[in-house]
Structure formats: C-alpha cells, structure tokens
Amino acid sequence: MANPAQSPLSLEFPDGSVREFDSGITGAQIAEGISKSLAKKSVAYVLNGELTDLAEPIGSSGKIEIVTRTDDQALELIRHDCAHVLAEAVQEIWPDTKVTIGPVIENGFYYDFDRDEPFTPEDLEAIEKKMRQIIARNLPFEKRVVSRDEARVLFENMGENYKVELLDAIPEGEDVKLYSQGEWTDLCRGPHMPSTGQVGNAFKLMSVAGAYWRGDSDNQMLSRIYGTAWADEKQLKQYLFMLEEAQKRDHRKLGREMDLFHFQEEGPGVVFWHGKGWKVFQSLVNYMRRRVEEHGYEEVNAPQILDKALWEQSGHWGWYRENMFTTVTEDDRQFAIKPMNCPGHVQIFKNGLRSYRELPVRLAEFGAVHRYEPSGALHGLLRVRGFTQDDAHVFCTEEQLEAECLRINDLMMSVYADFGFEEVLVKLATRPEKRVGTDAMWDHAEGILRNVLEKMTAESDGRIKTGINEGEGTFYGPKFEYTLKDAIGREWQMGTTQVDFALPERFSAFYIDANSNKKQPVMVHRAICGSIERFIGILIENYAGHFPLWIAPIQAVIATITSEADDYGEKVAETLREAGLRVDTDFRNEKISYKVREHSLAKVPAIIAIGAREAEQGTVSIRRLGSKHQTSMTLEEAVTSLTEEAIAPDVRRKRDAKAAA
RNA sequence: GCUGUUGUAGCUCAGGGGUAGAGCACGUCAUUGGUAAUGACGAGGUCGGUGGUUCAAUUCCACUCAACAGCACCA
C-alpha cells in the first residue's frame with residue numbers, strides 16, 4: 001500500500017465486468033466513476049473479501065464490490081463507528097474517563113471505559129444526546145498510519161494507559177493505525193465509514209455493566225456501555241420488539257404463571273418442581289428413556305455420595321474442588337456429592353471382567369448431580385446447582401469409536417428434530433490449557449473427532465453446520481458442542497459428545513481382548529438434553545409456553561358453561577382420562593369467558609367447553625390455545641383426535657413404521 | 001466470585017423517620033352466564049435477615065442473604 005506501483009489494476013465487479021484502473025485510485029474514486037448516486041451512498045469497499053476504507057487506495061487487482069450504507073456488510077461499520085462516537089461522547093462529557101476497547105457484537109456494540117463513578121441510566125440519556133450531536137456534526141473519519149513511538153507518545157500524553165497497553169500488543173510488522181473524527185482520536189484497526197453522519201440515528205444505548213479489562217477476572221473491572229445500532233429505524237424497532245418478545249417467553253416468568261416450578265432463598269440454584277412442572281419433567285425423561293433403550297443403552301444408577309478418593313483419582317478434585325459440595329462424616333471421612341456421573345459409570349464398567357465381546361458397553365443414567373456454581377452464574381432453570389443429566393458413557397474399542405460417535409450423533413439429531421429444532425450447529429472444542437494426558441493422545445482424539453465431524457456433516461442433508469471452539473474442550477478430552485436455534489432465532493448450547501482416553505487410564509479400566517490380553521477401552525461421554533432442567537427451560541422459551549400436546553402437563557380442561565352440564569362434563573373427563581389423556585375439570589360457578597381466559601393464560605392446549613347443547617347432543621366444543629375459535633365435534637371424534645395428537649413422536653414413528661411394514 | 005441495581009401481601013407495583021396502600025389472585029355471599037375478567041363484602045404484610053443511629057426505623061447507616069443485568073466461570 002505504501003508503494004504506489006505503476007502497474008495498472010484489473011478489478012472485477014459483482015456483475016462480472018472487469019475494468020482496468022491506474023494504481024493509486026481509491027474506492028471513493030471508483031464509486032464516483034460508476035455513478036454520482038453510488039458515490040453518495042457508498043461507505044466502504046470490499047477487495048478480495050476484505051472490507052476497506054473508501055478513501056484507501058486499491059492495493060491490488062481482484063474482485064471489488066462497493067458497499068453502500070444499506071448493505072448487510074455496512075452494518076458492522078455502522079456499529080463500529082457508533083462505538084467510536086460513543087467513546088467520543090463519553091470523553092466530551094467526562095474528560096477524565098479513559099477509553100479501552102469498543103468492538104462490534106451481535107446486534108450492536110459496546111465500549112469499555114475506566115471511570116471512578118459508574119454510569120447511571122440518566123448518564124446514558126445524556127451520552128445518547130451527545131452522540132446524536134456528534135453524528136450531526138458529520139465530521140470525516142480520518143485515518144493515519146504512524147510509527148509505534150509516535151502513537152505511544154500520543155497516548156501517553158493523553159494519559160490513555162490502556163491504549164498504550166493495546167499498542168504494545170499489536171504484532172511487530174503490523175501497521176499502527178489511528179482514526180480521528182474531528183479532535184477525537186482512537187487507536188483502531190478500522191475500517192470506518194467516510195464520516196460520523198453515516199452512523200445515522202437508528203441506535204440506542206441499552207445498558208451498563210461491569211466487565212474485566214481484557215476479559216480476565218484478575219484484572220481491573222471497567223464500566224461497559226452496551227448499545228444496539230441498525231441501518232434504519234425500522235430495523236431498530238424490529239430488534240427492540242424481538243427483545244420484548246423474548247422477555248415474554250422468559251421461562252422464569254412462564255414457569256410461575258404456568259405453575260411449573262419455583263425457587264426460593266433457602267435453596268439458591270435448586271428447583272422446587274410443582275406438580276405440573278414435574279409432569280413435564282417426567283414426560284421428557286420417559287421419552288429419553290425410550291430413546292436410549294432403543295439405541296442399545298443400559299440404564300444404571302450410581303451413588304450420589306462417594307469418597308473423595310474417587311474424585312482425586314478422576315482428577316475432578318484437583319480441577320473442580322471449589323465447585324463440589326462436600327461433607328465430612330463423624331469419623332472424619334470426606335465425601336463429595338457427585339458433580340458428574342462418569343466415575344460412577346467407570347466403577348460399574350470395572351466391576352467384574354469385561355470381554356471385548358461385550359463392547360461397546362453403553363451405560364445411561366438420569367443422573368442427579370450437584371455443582372456449587374458461582375452465585376453470579378445462576379439463572380432460572382438454565383444454570384442451576386442441582387440438576388439431572390441425561391448422561392451416558394460408552395466404553396468401546398478404538399475401532400468402534402467412530403461408529404459410536406456417529407451413532408450418538410444420529411440419536412441427537414433425531415431427538416432435536418422431535419422438539420422442532422431442525423438447524424444444528426456442531427462445534428469441535430479442542431484441548432484446553434488445563435488438561436490431562438499427553439499431546440499425542442490429544443492429537444489422536446482431536447483427529448478422530450475432526451474426521452467424525454466431517455462425516456456427520458456430509459450425511460446430514462445440510463442440517464448440521466460446523467465450527468471450531470479452540471481451547472474449549474474438557475480437561476480429559478475434546479468434545480462436540482451441539483448448539484440449537486430456537487423459534488425466535490436465539491442459540492442455545494445443548495448436547496455434547498466427549499472422547500476420553502484419560503479417565504479409563506486413570507481408573508485402570510480394561511477389557512480382555514481376543515488374544516486374552518488386557519486392553520484399555522475408550523470412553524465416550526455424551527448428553528443430549530444436557531440437563532433436563534435446562535432443556536425444559538429452553539423448551540418453555542422455544543414454545544413460549546405452548547407445549548405440544550404430548551408434553552403438556554394438562555392436556556385439556558373441561559369447562560362447563562352452566563352447572564346443568566356438570567354431569568356430562570364429568571363423563572367427558574372420564575372418557576378422555578380413560579383414553580390416557582391428562583385432563584382437568586373446571587366446574588366452578590364462573591362465566592365461560594372467565595374460565596377461557598384463565599386456562600388460556602395457564603397455557604392449557606385445549607379448552608373443552610360443555611353446555612346444555614353439548615350434553616344433549618353428546619358433542620364437545622374444543623378451543624385450542626392460540627385460537628380465537630372453537631370446533632364442535634362428537635365426544636368420540638374428540639377422543640380420537642386428541643389421543644392421536646398426544647402420542648409422543650418416537651412412539652408414533654415406531655407405530656407408523658410397523659404399519660408400513 | 002466481580003461490578004451495578006433491586007428486595008413492601010401469592011403476583012404486579014405505589015408509599016415513606018411516627019409500626020402500611022392499590023389492582024389482580026384468595027375466601028364468603030349473590031349471580032347459571034355460550035368462549036380472554038359478573039358484582040358485593042371480607043381476609044391477607046413484625047416492609048428479605050441481623051446489628052447500629054434515634055424518643056421512635058419498613059424508611060437513615062453497616063453487615064449479610066437472595067434476585068436481576070453484564071463480566072468471569074461452566075467437568
């Protein structure tokens with residue numbers, strides 16, 4: 001870039017046309033050359049996939065695209081520029097505040113400041129006002145490439161010690177770039193739009209929060225301001241509306257309204273399941289129990305409390321002691337309440353001699369585990385201290401490993417589909433810093449998973465997208481993390497598959513191979529729901545409380561219109577119960593509209609209203625949740641359609657397969 | 001765990017140095033009403049906990065517990 005070569009540039013445009021330009025020409029000049037209107041709208045260009053300042057000379061030949069403010073790619077620039085404007089606004093109001101970093105994040109941006117006083121909501125309003133002023137000034141973003149020393153002197157003089165630290169972290173050989181908007185200058189990698197005016201007004205400061213400098217809890221805590229920014233008002237409104245929708249789905253709120261569960265002070269992070277919530281829980285466990293059985297697992301149950309020695313042997317004591325609930329008995333023996341099921345399952349595997357003929361051994365458990373999670377991490381059902389894992393451990397030979405991983409993947413994808421999650425992101429999490437085992441072992445295990453990931457993606461018909469989570473594996477092995485998208489586009493991490501060569505070794509687990517030699521099995525840890533509690537929380541949010549019939553705690557309420565219909569109402573309820581449906585009756589002396597309202601708010605899937613007319617004709621009037629209308633049918637028809645709908649998806653699948661055969 | 005905010009009836013919230021108030025929910029009575037709130041009356045709270053200041057604390061202060069948002073953590 002520093003060398004304005006004389007050779008002409010050959011640039012290919014999105015429409016496929018190729019044109020020659022003199023070197024040294026900038027993106028802005030190219031846009032100008034195409035049309036005045038394009039020049040006006042353009043905010044940056046993309047050269048060979050790299051987003052670049054409009055004012056930057058084109059560095060090489062290749063594919064070029066002029067980015068206008070309304071392009072998706074410009075959103076990142078709007079947000080990044082908005083972060084700069086935010087920082088300038090804050091320093092204009094409070095000049096003593098030090099700036100640190102302000103990156104773009106999903107839906108917006110944030111900026112971390114060092115300031116003695118925390119920001120208040122009123123401060124946010126003042127800052128936002130100032131930001132709109134700065135945007136109205138519409139001053140150009142000007143880039144300067146400077147020497148390290150020059151930048152260092154500049155920031156030291158400004159007292160911006162965080163910027164000096166960031167400067168020192170820029171790798172040798174990389175340009176040090178400064179961006180200024182008027183008087184205000186920041187160390188920044190860029191790119192930016194031509195001027196602050198292009199940020200527009202479709203932004204909003206959302207919240208203030210503490211955040212550690214460089215994300216390290218050993219460092220000082222800074223004040224972070226979060227904002228959201230969009231290309232136009234409409235998008236902003238849409239986003240704010242989505243947030244409101246998400247709030248309405250909050251499982252903590254719905255859990256209370258639907259009378260599913262509660263929490264109270266004496267038990268931080270442990271759930272009080274009410275009758276209805278426990279019904280959902282049981283439906284889910286029963287479903288998983290059937291699925292696991294059909295996939296060749298054996299359900300077991302390992303003790304809640306085990307001697308510390310076992311946890312030392314597994315390595316958990318070393319890594320996670322602070323997060324374990326422990327107890328010391330009268331005779332000074334130390335025990336731990338299990339935070340995991342794996343050591344228990346290894347003991348079951350090890351009990352007695354195992355032959356290679358038995359492998360793979362697949363042990364499943366709905367294991368209640370307890371972890372002393374940091375108080376700040378607790379969040380409704382999504383992060384608790386006592387929960388039930390749909391856990392399983394597969395002990396197999398190395399030759400069987402790949403097939404077992406693929407088999408697990410099949411089960412996972414099928415389970416997720418049964419709950420309506422079609423799109424799945426599978427990330428491979430690789431070796432973390434805190435780990436056991438040799439590098440060779442890790443190379444081996446990661447290699448196998450990479451291979452498996454490729455295969456299952458290929459076989460998924462596009463349902464599986466993949467990614468890598470560097471350094472996020474467990475201490476005993478790499479893992480897959482299954483992430484699902486819910487009904488309103490939020491992502492949740494759910495299942496995981498972990499390959500483990502370390503624990504079998506630590507516990508000296510072995511089997512007898514075909515040559516009568518002792519051999520160490522490989523162990524695969526896997527959970528599909530992850531935690532039943534968490535899974536239910538996610539289901540509540542995903543369905544917004546509108547559970548499908550097969551999992552709804554109360555499937556129908558029989559509500560009589562007048563007391564004359566009570567006898568018939570009782571008969572209807574009996575009939576439906578005999579057909580296996582979970583039915584409540586509401587014969588209270590209340591108006592039907594009152595009953596409809598109440599059961600609708602409680603998210604009962606079907607309200608069956610019964611009056612004199614129905615009693616006389618032997619019919620029922622069904623109003624489905626979410627509908628404003630009702631359908632009249634005979635009692636027999638109602639039984640048939642409701643029981644059919646209430647069949648769990650796996651049971652229906654089996655029945656249909658049988659019928660087809 | 002860290003930063004910040006919050007804690008008043010079952011729920012949503014108002015109030016404020018002189019021991020509390022609304023709506024909904026709850027109970028009783030009347031009402032038998034055809035698909036999202038029938039009416040009247042009534043009951044319900046040592047204002048998260050502990051300690052301090054004060055003649056007096058739910059209100060002010062300190063500590064503590066819990067929740068919320070974010071960060072850090074998540075075997």
Sort out the partner of B/U32 for me: Watson-Crick or G-U wobble, both distances under 3.5 Å, none otherwise.
none
Does the structure show a Watson-Crick or G-U wobble partner for B/U5, both distances under 3.5 Å? Name it, or say none.
B/A67
Heavy-atom donor-acceptor pair, A/Arg435 side chain to A/Gly477 backbone, under 3.5 Å:
no
Name all residues meeting the side-chain contact (heavy atoms from CB on, under 4.5 Å) criterion together with A/Thr575; count only those two or more places apart in sequence or in a different chain, and write none if there are none.
A/Lys571, A/Leu635, A/Val639
Would you please determine if the base of B/A75 is stacked by A/Tyr320, with stacking meaning a centroid separation under 5.5 angstrom and planes under 30 degrees?
yes
Indicate, with a heavy-atom threshold strictly under 4.0 Å, whether A/Gly315 touches base, sugar-phosphate, or nothing.
nothing
Quick one: do A/Glu616 and A/Arg613 make a salt bridge, cutoff under 4.0 Å?
no
For A/Cys529, is there any backbone N or O sitting under 3.5 Å from a side-chain donor or acceptor partner on A/Asp390?
yes
Would you tell me if any nitrogen or oxygen in the side chain of A/Arg385 comes within less than 4.0 Å of OP1 or OP2 on B/C73?
no
Checking B/G70, B/G34, B/C2 against the side chain of A/Tyr226 (C-beta onward), the nearest is B/G70
So, OP1 or OP2 of B/A36: does either fall under 4.0 Å of a side-chain N or O from A/Arg623?
yes
Shortest side-chain distance from A/Arg256, nucleotide among B/U12, B/C74, B/G34
B/U12
Closest to side chain of A/Val596, choosing from B/G34, B/U12, B/A36
B/A36
Taking B/U35, B/G34, B/C68 as options, the one with an atom nearest any side-chain atom of A/Gln630 is B/U35
What nucleotide among B/G34, B/A75, B/G70 has an atom nearest to a side-chain atom of A/Ala209?
B/G70
